[in-house]
Amino acid sequence: MNFWLMKSEPNEVSIDDALRLGAAPWFGVRNYQARNFMRDQMRVGDGVLFYHSSCAEPGVAGVAEVASTAYPDATQFDPDSHYFDPKSTLENPRWMLVDVKATRKTRLLSLAEMRENPSLSSMVVLQKGSRLSITPVTPAEWKTIMQLLA
DNA sequence: GCCAACGTTGGC
DNA sequence: GCCAACGTTGGC
């Protein structure tokens, strides 16, 4: 079992939206490293920190889990979608995703609080210049965060 | 809105 | 394959 942090803009899909949706495709990832994490490393049942980004209070807002293995992101084929990719074909899709199921909303563990905690200082998402929307979380980091959110 | 940092594109 | 130019992310 692996652990992940996945960023979502709350004005697109917030933790409340995700809880209402249930298991839903994590569409719109257009970065190869993030795609590869979903395609190659995610397994059903992996733990996910649901992170709110590009908003007034960035931070972990809830907990979720990976709910499917990877399959093509339908939005890449839709000319009307913001995520349309003209270079992608049905036979050879570029972008894959997994379903993610939010399991609970937590208090907001802010980015600032995460930065203040020495035991989280090695988190990939906190590294200088890190912009990846999906990053791995170690079991120790996961445990620390679960305790902070308990 | 600013801007640092990183990723992608495309000419050569 | 190099790398300049451009685009995007995302915190502040």
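The structure displayed is predicted, hence computed values, not measured ones. Order of the sequence lines sets the chain letters (A, B, ...), proteins ahead of strands, with each chain counted from 1.
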Enquirer: Looking only at side-chain atoms of S133(A), point me to the closest of dG10(C), dG11(C), dG10(B).
Expert: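 For the S133(A) side chain, the nearest candidate turns out to be dG10(C).
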Enquirer: Calculate the interatomic distance between R30(A) atom CZ and dC6(B) atom C1'; express it in whole Å.
Expert: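 The answer, rounded to whole Å, is 19 Å.
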Enquirer: Side-chain contact test, heavy atoms from C-beta onward, threshold under 4.5 Å: evaluate it for M38(A) versus M6(A) and give yes or no.
Expert: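 Heavy-atom side-chain distance check passes, below 4.5 Å.
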Enquirer: Among the nucleotides dA5(B), dT9(B), dC12(C), which one has an atom lying closest to any side-chain atom of K128(A)?
Expert: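 The answer is dA5(B), which lies nearest to the side chain.
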Enquirer: Treating Q41(A) as the side-chain partner and N2(A) as the backbone partner, does any N or O pair qualify as donor plus acceptor under 3.5 Å?
Expert: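 No: the side chain of Q41(A) does not pair with the backbone of N2(A).
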Enquirer: Would you kindly give the CD-to-P distance between Q127(A) and dG11(C), to the nearest whole Å?
Expert: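 To the nearest whole Å, that distance equals 15 Å.
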Enquirer: May I ask you to evaluate whether Y51(A) reaches the phosphate of dG11(C), defined as a side-chain N or O under 4.0 Å from OP1 or OP2?
Expert: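 Checking dG11(C) against Y51(A), a side-chain N or O does come within under 4.0 Å of OP1 or OP2.
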Enquirer: For D85(A) and dT8(B), give me the distance from atom CG to atom C1', rounded to whole Å.
Expert: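 Computing the D85(A):CG to dT8(B):C1' distance gives 12 Å.
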Enquirer: Identify which nucleotide among dT9(B), dG11(C), dT8(B) has an atom closest to any side-chain atom of R94(A), counting heavy atoms from C-beta outward.
Expert: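 Selected nucleotide: dT9(B).
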Enquirer: What is the distance from CG of N11(A) to C1' of dT9(C), rounded to the nearest Å?
Expert: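 It works out to 14 Å between those atoms.
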Enquirer: What's Q33(A) touching, base or sugar-phosphate or nothing? Going by heavy atoms closer than 4.0 Å.
Expert: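 Sugar-phosphate, no base atom in range.
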Enquirer: Taking R35(A) for the side chain and R94(A) for the main chain, is one N or O donor matched with an acceptor at less than 3.5 Å?
Expert: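 It does hold such a pair.
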Enquirer: One thing to verify: whether K105(A) and D16(A) come together as a salt bridge, which I'm taking to mean a side-chain N less than 4.0 angstrom from a carboxylate O.
Expert: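 Yes, D16(A) and K105(A) are salt-bridged.
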Enquirer: What is the distance, rounded to the nearest whole Å, between atom CD of E9(A) and atom C1' of dT9(C)?
Expert: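 In whole Å, dT9(C) C1' and E9(A) CD are 9 Å from each other.
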Enquirer: Checking D99(A) against Y71(A): is there a side-chain donor and acceptor pair closer than 3.5 Å?
Expert: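 A donor-acceptor contact under 3.5 Å links the two side chains.
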Enquirer: In terms of side-chain heavy atoms of K7(A), which of dG10(B), dG7(B), dG10(C) is nearest?
Expert: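 Selected nucleotide: dG10(C).
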Enquirer: Rounding to a whole Å, what distance do you find between L5(A):CG and dG10(C):P?
Expert: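 Between P of dG10(C) and CG of L5(A): 11 Å.
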Enquirer: Can you check the N31(A) CG to dT9(C) C1' distance for me, whole Å?
Expert: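 Distance check: N31(A) CG to dT9(C) C1' gives 10 Å.
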Enquirer: Give the rounded distance in Å between these two atoms: CG of L126(A) and P of dA5(B).
Expert: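 So the two atoms are 16 Å apart, to the nearest Å.
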Enquirer: Do R131(A) side-chain and dT8(C) base share a donor-acceptor contact under 3.5 Å?
Expert: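 Side chain to base: pair present.
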